[in-house]
Amino acid sequence: MSWVPQGLNREQLSAVEHAAGPLVVFAGAGSGKTRVITHRVAHLVESRAVPPWRILAVTFTNKAAREMRERLEKLVPGQARSLWVGTFHAVCARLLRAHADQIGLRKDFVIYDDADQKSMLTRVLRGMELDERMFAPKQVAFLINAAKQEGRSPDEFEARDPFSRTVREIYAVYEERMAASSALDFGDLIYRLVYAFRKDPTVRDAVRARFDQVLVDEFQDVNHVQFAFVEALCEQHRNLCVVGDDDQSIYRWRGADRRNILEFRSHFPDASVVKLEQNYRSTQRILRAANAVVARNLEREPKRLWTENEDGAAVTAIACDDDRDEASTVVQAMRMLIEASYTKNDIALLYRKHSQSRVFEEQLRRVNMPYRVIGGLRFYDRAEVKDLLAYLRAVHNPDEDVSLMRIINKPARGIGKTTVERLVDSAAGAKTSVHAALLAACDDDSQPATTRKKLQNFAQLLQRLRERAAVGPSALSRDVLDSTGYLAELREADSVEADSRIENILEVVASMEQYEAEASEPSLTEFLELVTLETDADRAVADDAITLMTVHAAKGLEFPVVFVAGLEEETFPHQRSGEEEDPEELEEERRLCYVAFTRARERLFLSHAHVRRVYNDVKIRRRSRFLDEVPKGELHWVGANRRGVHDGQPARSTRPEVRPANGTAYVDRSEANDTLEAGIQLGMRVRHSKFGVGQVTAVADGVPPRVTVVFPDGSRSIISSYLTPA
DNA sequence: TATGATTCCATTTTT
DNA sequence: TGGAATCATA
């Protein structure tokens, strides 16, 4: 009757069946990490009879959580629903609500995203009459978030110099204002729980008593509070299974600390260790290139990914004149791949930073190639979407200042800057919410009659909406949009942007309706939480299109074909101009490069430009050291080199674009290029794994080099690297 | 209050 | 260079 895990290798199986106590799994890229976690959960439920609701599996993204749940639904039908599967933030939010009374929180707290946090901070700074240049909200937010990641309250905030002392004060006031609005920021969701654990052992014990088994995915990315949270949960039973890959840790700048996984064994001396080193994703050649780069890092858990997959096509390196040349060469290569056999969905273009996408987008548009850009502005960050949600929040809890301030004059209702400032001042003076100040002003005879009337109208609007709040999020939204004239205003504007805004708003309303239909107990609070914790990655569309995104955004994904663009010094590895090279940062860049390479299943293309436009001038760029860290024989160099020597690099005269006098073109080949595709020539007999033996009837120079071959069953255009001489 | 002018900023951004 | 945010002015 016992559930039998299937199709697992020895290491995977030992992780799945690990009996009790701490376990750390080092899971290389494409080594079946998710499989191990899901099978382990299934094993616990089915073979060890752990009640599903006593198992907690934590991820970093909603997408990972959803996938895990879906897979578990198949493995242990009917039981997956009661498992605790979610992101750190979602799980902690749920626990905070469940124990809100004990912790001293309102059950229906709202969650502030980064933008909300920043506007709250701006208000605090203005209230304290601080110079916003000295104390930039962005920087202060960073310091406060860092403090929360370290688990430090305002009292524990280290402040030796005057600047830090002021920041500490800001932090304290900020916390007060957040509490007054019953709002929690992202950092709070974990920090407040850990803080409560520390202050009140009964809370800690109550939460701890919920779970028998805890599993954490992407453990290399946990920060200090997250570690403290997990540790606190497992202190008694010690059934903690963490899975991760120190080589894929790319969020150091957000507080992720690789030591959590590297030093897991010192924290838990009795921990079992499993290493998953067999890769099921990429070809030998891709893996060799990726390994070669990351192996240069000094601080890492020793391991080497290997695969039984075939050798595959050579990793292609493309040298380009400038960024536009890079874009057109890459796009050209993509078109050929699509003509040959790939779909657009098979292809991804990765870059170090968003700004690199522009040239590619222009080029893709020029050739009418559908593409999608992942990242950039989140859907729920759009102004109109935030406006609507702010209305809902303000109706839900008028004392929540950030939302109230956002909508107080939107659409314009004559409550101008001065009036708002006066409200904020009196709220700060009386230590009340802005809403309370608003109500007071409505009854204040000393106010000018016209402003007073306007304030009263607004207060009544809120009041009326509040009475209607029970109709549910979608109906309430429609009411808001109609009675405020928000939609009407957009309709009147009658512009393309206005139309897309209307569309976005309607999409939000539609998502509310969907939520209401699906949720067991739909509530405004829960909907708002879902929306703030949700990112865009989940809204991917089904169209056939080429995917463009940063390497960061690509973590956890895989594509048959991957292009990595801009492999140049200062771009990738990224370096801020004038700053000294930090070895730790360089290692992180190298890991990032490793992540980029290992996204590819079959084909990997790496491009760099000799000249790149940066702001308004042009800069000569040396190709990335990462390219040179790949052994020479592993890279097949192609591409433009029409200029000879660049900034001291060896001129690639060894890679001539020569056409023999008789007009026969042949495929570009580089020095030390011992790949099979080199030297494929017109008339040659070649072998293809699927189509058999054929004869080359045409050769097209390009990226990738492509040839036309007549096979027994017809003529085909083939990428030359798939061919071997017959 | 709305608009144009000016200034500032530019790495990555799981939640 | 380009965009967003803030400022200045009618």
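We name chains A, B, ... by the order of the sequence lines, and we start the count at 1 in each one.
Shown here is A:F142, whose CZ atom has no more than 12 heavy atoms of other residues, nucleotides or ligands within 6.0 Å. In A:E362, the CD atom is crowded: over 12 heavy atoms of neighbouring residues, nucleotides or ligands sit closer than 6.0 Å. Other residues, nucleotides and ligands place more than 12 heavy atoms under 6.0 Å from the CZ atom of A:R97.
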Once each nucleotide of nucleotides 6-12 of chain B is scored for protein heavy atoms under 4.0 Å, what B/S/- sequence comes out, 5' to 3'? ----BBB
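Non-hydrogen atoms lying under 4.0 Å from DNA chain B are contributed by A:T87, A:H89, all within residues 84-96 of chain A.
For the pair A:R613 (side chain) and A:D323 (backbone), a donor-acceptor distance under 3.5 Å is absent. Between the side chain of A:E569 and the backbone N or O of A:R625 there is at least one donor-acceptor pair closer than 3.5 Å. When atom types are taken as modelled, the side chain of A:Q356 and the backbone of A:L350 share no donor-acceptor pair closer than 3.5 angstrom.
Within 4.0 Å (heavy atoms only), A:D221 reaches at least one base atom of the nucleic acid. A:D188 comes within contact range of no nucleotide atom at all, as no heavy-atom separation falls under 4.0 Å. Counting any heavy atom pair closer than 4.0 Å across all strands shown, A:R358 reaches sugar-phosphate atoms only and no base atom.
Rounded to an integer number of Å, the gap from A:F60 CZ to B:dT13 P is 16 Å. The nearest whole Å value for the distance from the CE atom in A:M549 to the P atom in B:dT13 is 11 Å. Atom NZ of A:K555 is separated from atom P of B:dT14 by 11 Å (rounded to the nearest Å).
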Yes or no on side-chain contact (heavy atoms from CB on, under 4.5 Å) for A:F135 and A:M128, after CA distance, side-chain angles and deciding distance? CA-CA 11 Å; A:F135 299 92; A:M128 294 173 75; over 6 Å; no
Give the intermediate values and the outcome of side-chain contact (heavy atoms from CB on, under 4.5 Å) for residues A:V140 and A:V124. CA-CA 11 Å; A:V140 177; A:V124 169; over 6 Å; no
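Between B:dT13 and A:N145, no contact under 4.0 Å exists linking OP1 or OP2 to a side-chain N or O.
Partners of A:D582 according to the salt bridge (Lys or Arg N to Asp or Glu O under 4.0 Å) rule, which considers only residues two or more places apart in sequence or in another chain, are A:R252. For A:E570, the side chain to side chain donor-acceptor pair (under 3.5 Å) criterion is met by no residue, not counting sequence neighbours. The salt bridge (Lys or Arg N to Asp or Glu O under 4.0 Å) search around A:R192 returns none, not counting sequence neighbours.
Taking atom P on both B:dT12 and C:dA5, the two are 15 Å apart, rounded to the nearest angstrom.
Contacts between chain A and DNA chain C, taken as any atom within less than 4.0 angstrom of a protein heavy atom, begin and end at C:dT1 to C:dG2.
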